[in-house]
Amino acid sequence: MVIVATLLLLRHGRTTANADGGLAGRQPVELDETGRAQATAVGARLRGLPLAAVVTSPLVRCRQTLDLALPQFAPTVEEGLTECGYGAWEGQPLKKLAKDPLWPVVQQHPSAVVFPEGEAMAAMASRAVAAVRRWDTRLTAEHGPEALWLACTHGDVIKAIVADALGVHLDLFQRIVADPGSVTAIRYTPIRPFVLRLNDVGGDLANLVMPRRPRRRSRKAESDAPVGGGAGSGATGPER
């Protein structure tokens, strides 16, 4: 079986906590007016895509985003996609947290961070990556290698998944950006993932739908990177 399903990572729309400069964490904060507009706008971009499944973090801001963006779907809750457990940091203003001695560690060495009364950032990354890879394998088996599916989750979770896909250490994940309402696309293959879109907040997503191809194509061909850049993300791997 050639595993080349495509994952769309959707960050929830802006929340009241985002607008106020606070760290929401796992608190039940909701979308603000801008966040609702972002969810509606990304829904127009996603409309018509043949999504094999939609999964979501259990937190209300993700559920609200999907209610507006993809009302025709009944998302499946995936606990592995929930926000990092920031513990005692949750609900605090970011300006205040920036003065905490742990803040520089979060910025420069996040793999070493365990939030007070909360979760280790490395543990968050591990369970999030495991969740999307498990879903990707399952949906490819059920729907074929052209499967396209979506997961709605949170900024740090998306950054951790992207870092894994890029093969970079978690300590570099602060270099990655995932804005509210953005789409990031990753295609997994037997040898390596391909990051097709990153922090995409506009434009057509239709070219992420994989055309059906003859099954004679080798596993190696699906995992090869096109030398010189190739013909575009809809044709990952050099043609044989």
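It should be emphasised that the depicted structure is a prediction, and the values quoted were computed from it without experimental measurement.
Under the 3.5 Å distance criterion, the side-chain polar atoms of Q64 are matched with a main-chain donor or acceptor of L31. For T56 (side chain) and P58 (main-chain N/O), no donor-acceptor pair under 3.5 Å exists by modelled atom type. Checking side-chain atoms of D100 against main-chain N and O of L97 turns up no donor-acceptor pair under 3.5 Å. Side chain of T65 to backbone of A39: no donor-acceptor contact under 3.5 angstrom is found. Of the possible polar contacts, none joining the S182 side chain to the A178 backbone as a donor-acceptor pair under 3.5 Å is found. Judged purely by atom type and a 3.5 angstrom limit, E146 has no side-chain atom pairing as donor or acceptor with the backbone of A5.
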Compile the donor-acceptor pairs under 3.5 Å between side chains in residues 112-124 and protein atoms, sequence neighbours left out, one pair per line.
{"from": "E119", "atom 1": "OE1", "to": "R26", "atom 2": "NH2", "distance (Å)": "3.1"}
{"from": "E119", "atom 1": "OE1", "to": "G85", "atom 2": "N", "distance (Å)": "2.9"}
{"from": "E119", "atom 1": "OE1", "to": "R127", "atom 2": "NH2", "distance (Å)": "2.9"}
{"from": "E119", "atom 1": "OE2", "to": "R127", "atom 2": "NE", "distance (Å)": "3.2"}
{"from": "E119", "atom 1": "OE2", "to": "R127", "atom 2": "NH2", "distance (Å)": "3.4"}

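Listed by first and then second residue, the ring pair (Phe, Tyr, Trp, His ring centres under 6.0 Å) pairs that reach into residues 8-38 are H12-H154, sequence neighbours excluded. The ring pair (Phe, Tyr, Trp, His ring centres under 6.0 Å) analysis of residues 29-62, with sequence neighbours excluded, yields no pairs. Among pairs with a residue in residues 70-80, those fulfilling side-chain hydrogen bond (donor to acceptor under 3.5 Å, both in side chains) read E78-R134, E78-W135, at least two apart in sequence or across chains. Within the structure, the salt bridge (charged side-chain N to carboxylate O under 4.0 Å, His left out) test picks out the following pairs touching residues 43-53 (sequence neighbours left out): R45-D200.
Considering all non-hydrogen atoms of both residues, P145 and T140 come closest at CA-CG2, 4.0 Å. What you find for A147 and L139 is that their closest heavy atoms are CB-O, 3.9 Å. The minimum heavy-atom distance linking R133 with P193 is given by the pair NH2-CG, 3.7 Å. When all heavy atoms are compared, the tightest approach of A206 to L49 is CA-CD2, 4.0 Å. The two residues S57 and R63 have their closest heavy-atom pair at O-CD, 3.9 Å. Residues V195 and A165 come closest through the heavy atom pair CG2-CB, 3.9 Å.
With rounding to the nearest 0.5 Å, the separation of OG1 in T16 from CZ in R61 is 9.0 Å. Note that NE2 of H143 is 10.5 Å distant from CG of L51, once rounded to the nearest 0.5 Å. Taken from CG in L166 to CD1 in I161, the straight-line distance is 12.0 Å, to the nearest 0.5 Å. For the atom pair SG of C152 and CG of L8, the computed distance is 11.5 Å after rounding to the nearest 0.5 Å. Note: I176 CD1 to I158 CD1 = 11.0 Å, rounded to the nearest 0.5 Å. Rounding to the nearest 0.5 angstrom, the gap separating the CG atom in L150 from the CG atom in L70 is 6.0 Å.
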* Before giving the answer on side chain to side chain contact (heavy atoms under 4.5 Å, CB included), spell out for F173 and L170 the whole-Å C-alpha distance, their side-chain angles and the decisive distance to 0.1 Å. => CA-CA 5 Å; F173 99 135; L170 186 63; 3.9 Å; yes
* Take Y188 and I186 through the test side chain to side chain contact (heavy atoms under 4.5 Å, CB included) and record every step on the way to the result. => CA-CA 6 Å; Y188 291 97; I186 299 172; 3.8 Å; yes
* Pair T184-L7, side chain to side chain contact (heavy atoms under 4.5 Å, CB included): steps then yes or no -> CA-CA 8 Å; T184 292; L7 162 64; over 6 Å; no
* Derivation of the side chain to side chain contact (heavy atoms under 4.5 Å, CB included) call for V77 and V55 -> CA-CA 6 Å; V77 171; V55 302; over 6 Å; no
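Side-chain contact between W149 and V54 is absent, with no heavy-atom pair separated by less than 4.5 Å. Residues L148 and P50 have side chains in contact (heavy-atom distance under 4.5 Å, counting atoms from C-beta outward).
When the salt bridge (Lys or Arg N to Asp or Glu O under 4.0 Å) test is applied to R175, no partner is found at least two apart in sequence or on another chain. Residues that satisfy the side-chain hydrogen bond (donor to acceptor under 3.5 Å, both in side chains) test with Q107, not counting sequence neighbours, are absent from this structure. Shown here are the side-chain contact (heavy atoms from CB on, under 4.5 Å) partners of S126, two or more places apart in sequence or in another chain: there are none. By the salt bridge (Lys or Arg N to Asp or Glu O under 4.0 Å) test, E30 pairs with no residue at all, sequence neighbours left out. Residues satisfying the side-chain hydrogen bond (donor to acceptor under 3.5 Å, both in side chains) test with D171, not counting sequence neighbours, are H109, S111. Here R11 pairs with nothing under the salt bridge (Lys or Arg N to Asp or Glu O under 4.0 Å) rule; sequence neighbours left out. For the side-chain hydrogen bond (donor to acceptor under 3.5 Å, both in side chains) test, no residue two or more places apart in sequence or in another chain qualifies with T82.
Note on V183: it does not cluster hydrophobically with L68, by side-chain heavy-atom contacts below 4.5 Å among ILVMFWY residues. Y86 and L94 fall within a single hydrophobic cluster, where Ile, Leu, Val, Met, Phe, Trp and Tyr side chains are chained together by heavy-atom contacts under 4.5 Å. Both L205 and F73 are part of a single hydrophobic cluster, where members link through side-chain heavy atoms under 4.5 Å apart. In the hydrophobic clustering of this structure, V209 groups with L196; members are Ile, Leu, Val, Met, Phe, Trp, Tyr whose side-chain heavy atoms approach within less than 4.5 Å, directly or through other members. L10 and V60 fall into different hydrophobic clusters, where Ile, Leu, Val, Met, Phe, Trp and Tyr are joined by side-chain heavy atoms under 4.5 Å apart, directly or via other members.
Crowding of Q92 atom CD: a count of heavy atoms from other residues, nucleotides or ligands under 6.0 Å exceeding 12.
The existence of a salt bridge linking K159 and D156 is confirmed by a sub-4.0 Å separation between a basic side-chain nitrogen and an acidic carboxylate oxygen.
In the model, T6 has a side-chain atom that pairs as donor or acceptor with a side-chain atom of R187 under 3.5 Å. Counted by atom type alone, N207 and R197 present one or more donor-acceptor pairs between their side chains at under 3.5 Å.
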